[in-house]
Amino acid sequence: MDLIRMSVRAENRSIPAVEQAVRYYGGLNGLGENDTERFLVTVEEALSQVIEYGFPGKPDSMFDVTLGIDGLDLTVTIADKGIPYDYDSLEGSEESRLSVMLLKGFADGASLSILGSEGRRQVLRKHLTAMPEYERTEPLAAAPDSCPFSPEDFDVHPLRREEAIEVAQCIYDEFGYTYPHELVYHPEGFFKATERGKCVSYVATAPDGEVAGHVALVASPSLRGTMELCMGVVRRKYRKCSIMSNLTVAAMERATGMGLRSVNAMPVAYHPFTQKVCNRQGMHPFGYSFNRLNGDLSTSYEQGSRGSLALSAILLSDEHRTIHARRDAIGIVRYVVDAGGLDRDVREVEGPVSPEGEGEMTMEADARMGFGRIVVNRAGSDVSSGLHAMDRRLLEQRCEVIEMLIAVGEESSVAAYDEAVAMGYFCTGLFAGCEDRDYLLMEKLVLSSVDFGCLETVDPYTGLLELVKEGMPDE
């Protein structure tokens, strides 16, 4: 929801007007004074860089700033069509590095989109509410040997407002504060997200009305046409009651009526149970996300173990597409295509490729998870400088894991792949469940390596994991 849109002159005297708006609307929506002032440091730095590097010596030029509310966040969106940055000199300058180091922790999320003739769009995020405090209500004990109820005794229905707090408690009892989708811990915000269609939530209630289990479908801003089946949890005392099966059926039935291309899931790679669940649902493996989960979010940077995930999906509809890939990624691509029965023409690209024209790339960072993502929707002539700039920003924002998605419908995509490999990324799969394009999946581990001894997989996940392992660079 947009709160205010402003056209701003490209001069430093315009910055206080934007800061005044952030203070007003932040306070109006419950952002504390200290958090507001810290966030303003980030906003001021972003505005200053647009003015200095996008419009040097052009104070009469204009760019747009929009303040809004997105879920639990106050957002500041800066959109400009200034001159393209000299990314190598800007991102490599000592001044830039020091300014970004200063901003660590002042914003809860940030994204950057390079949109060719449409310019750049930066989005800065600050949480409006602190994480609610929960206490464990269910002991971490083994599930009972049997269930006193039959599956028909549980009522499966869309989430009701008063049930959101129980869902949050169920998630906390099972995962503590480590669950990646932070929204679920905020009951009112989570329910409002279901009203806006950002997620679909189903609960199963016991005969006495207690929430016994939950599952949700959640959309991703980076992956159009798919939703993630997630937030699956069943209270331990109801584990033998076939609740999750009925919840999943309800969610999948809803998905088929939403016009989605696919439904995806991220089963853990360190235990085979959720992989087997995905197999039973007719899902196929598409890739891996190593060290994605921060095992203990209360620890400081560079501490605590991180868990790995697989990526699986079921296609609700398919269409013929062409995939372009380098030889060292062909094996992974063909495995995913064959395992999923996809209608794809896979073409190996040899020799150098020099992309032309405008590119389209976006970057986003999750400060809480220490995770960053770069999405290349089209590789243009600026692919090298753009990717290096985004990679540096994510490193400076303390991302421990960086994922890169490269749309592979055009031959020019291999130029992005070549740059990614040169920067230390390796191929982890192919996601073919989006509305209008397929993405090659790549990843870079900044502070860790993959401990394959801790991973436990079943087929067909095992076959894909072996191919990914073979293609990883030597440490």
Side-chain angles (χ1 to χ4, degrees), residues 180 220 222-223 226 228-230 262-279 281 283-295 305-315 323 325-326 328-340 342 366 369-376 394 399-406 408 417 420-421 423-434 438-475:
S220 165
S222 303
L223 304 173
T226 187
E228 181 187 352
L229 184 68
C230 58
S262 69
V263 172
N264 72 82
M266 301 196 76
V268 299
Y270 48 82
H271 193 282
F273 176 76
T274 50
Q275 300 164 37
K276 294 177 181 179
V277 171
C278 289
N279 283 343
Q281 293 299 323
M283 293 186 172
H284 302 282
F286 280 73
Y288 281 89
S289 185
F290 297 111
N291 297 4
R292 172 73 172 270
L293 295 178
N294 191 343
S305 61
R306 299 181 70 92
S308 296
L309 303 172
L311 172 61
S312 63
I314 181 171
L315 266 63
I323 295 172
R326 289 297 195 192
D328 50 3
I330 284 288
I332 292 175
V333 169
R334 291 195 184 280
Y335 186 94
V336 171
V337 169
D338 293 343
L342 307 178
D366 185 334
M369 297 301 297
F371 175 78
R373 172 181 283 174
I374 298 171
V375 181
V376 184
L394 291 173
C399 290
E400 298 188 44
V401 177
I402 305 176
E403 181 181 74
M404 186 181 299
L405 283 67
I406 303 174
V408 291
Y417 174 82
V421 170
M423 290 189 290
Y425 290 79
F426 58 92
C427 183
T428 60
L430 171 82
F431 187 66
C434 288
D438 298 335
Y439 289 102
L440 193 71
L441 306 178
M442 305 190 73
E443 185 172 329
K444 178 163 77 172
L445 303 177
V446 180
L447 297 168
S448 60
S449 59
V450 181
D451 185 354
F452 287 98
C454 291
L455 304 185
E456 186 176 354
T457 58
V458 297
D459 283 329
Y461 295 90
T462 301
L464 179 57
L465 182 61
E466 289 301 318
L467 289 173
V468 173
K469 185 178 179 180
E470 290 174 9
M472 291 179 64
D474 295 331
E475 297 180 356

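All figures in this text were calculated on a predicted structure; none of them were measured in a lab. Residue numbers start at 1 and run along the sequence shown.
- Residue Ile374 holds its CD1 atom at 11.5 Å from OG of Ser222, rounded to the nearest 0.5 Å.
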Which is it for Ile314 and Gln281 under the side-chain contact (heavy atoms from CB on, under 4.5 Å) test, yes or no, and what are the steps along the way?
-> CA-CA 8 Å; Ile314 181 171; Gln281 293 299 323; over 6 Å; no
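- Side-chain contact between Leu293 and Tyr270: present, with at least one pair of heavy atoms (C-beta onward) separated by less than 4.5 Å.
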Report the C-alpha separation of Tyr439 and Phe431 in whole Å, then their side-chain angles, then the decisive distance to 0.1 Å, and conclude whether the ring pair (Phe, Tyr, Trp, His ring centres under 6.0 Å) test is met.
-> CA-CA 5 Å; Tyr439 289 102; Phe431 187 66; 7.8 Å; no
Stepwise side-chain contact (heavy atoms from CB on, under 4.5 Å) check, Leu430 with Val408 = CA-CA 9 Å; Leu430 171 82; Val408 291; 4.2 Å; yes
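- For the residue pair Tyr417 and Asp328, a side-chain donor N or O sits within less than 3.5 Å of a side-chain acceptor on the partner.
- Pairing each heavy atom of Leu464 with each of Pro285, the nearest pair is CD2-CB, 4.1 Å.
- Side-chain contact between Pro272 and Tyr461 is absent, with no heavy atoms from C-beta onward closer than 4.5 Å.
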Assess whether side-chain contact (heavy atoms from CB on, under 4.5 Å) is satisfied between Met442 and Val421, documenting all intermediate values.
-> CA-CA 9 Å; Met442 305 190 73; Val421 170; 3.9 Å; yes
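- Between Leu441 and Leu405 there is a side-chain heavy-atom pair separated by less than 4.5 Å.
- The two residues Cys427 and Leu440 come nearest to each other via the heavy atoms SG-CD1, 3.8 Å.
- Looking at heavy atoms from C-beta onward, Leu342 lies out of side-chain contact with Asp438 at the 4.5 angstrom threshold.
- At least one side-chain heavy atom of Leu445 sits less than 4.5 Å from a side-chain heavy atom of Glu443.
- With rounding to the nearest 0.5 angstrom, the CG atom of Leu465 is 5.5 Å from the CZ atom of Phe290.
- In this structure, Met266 CE and Leu229 CG are separated by 12.5 Å, a value rounded to the nearest 0.5 Å.
- Across every non-hydrogen atom of Ala325 and Val333, the tightest pair is CB-CG2, 4.3 Å.
- Remark: the backbone N or O of Val268 is paired with a side-chain donor or acceptor of Gln275 at under 3.5 angstrom.
- A donor-acceptor pair under 3.5 Å links the side-chain atoms of Ser308 to the main chain of Asn291, judged by distance alone.
- The line from CG of Leu467 to OG1 of Thr462 is 11.0 Å long, rounded to the nearest 0.5 Å.
- Judged purely by atom type and a 3.5 angstrom limit, Thr428 has no side-chain atom pairing as donor or acceptor with the backbone of Ser289.
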Please report the C-alpha distance between Arg373 and Asp366 in whole Å, then the side-chain angles of each, then the deciding distance to 0.1 Å, and finally whether the side-chain contact (heavy atoms from CB on, under 4.5 Å) criterion is met.
-> CA-CA 9 Å; Arg373 172 181 283 174; Asp366 185 334; over 6 Å; no
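- The minimum heavy-atom distance linking Val446 with Cys399 is given by the pair CG2-O, 3.4 Å.
- Met404 places none of its side-chain heavy atoms less than 4.5 Å from the side chain of Lys444.
- Among all heavy-atom pairs drawn from Thr226 and Ser262, the shortest one is OG1-OG, 2.8 Å.
- Minimum heavy-atom separation, Leu315 to Phe286: CD1-CZ, 3.7 Å.
- No side-chain heavy atom of Ser220 sits less than 4.5 Å from a side-chain heavy atom of Glu228.
- Taking the side chain as every heavy atom from C-beta outward, Leu455 and Tyr288 never approach each other to under 4.5 Å.
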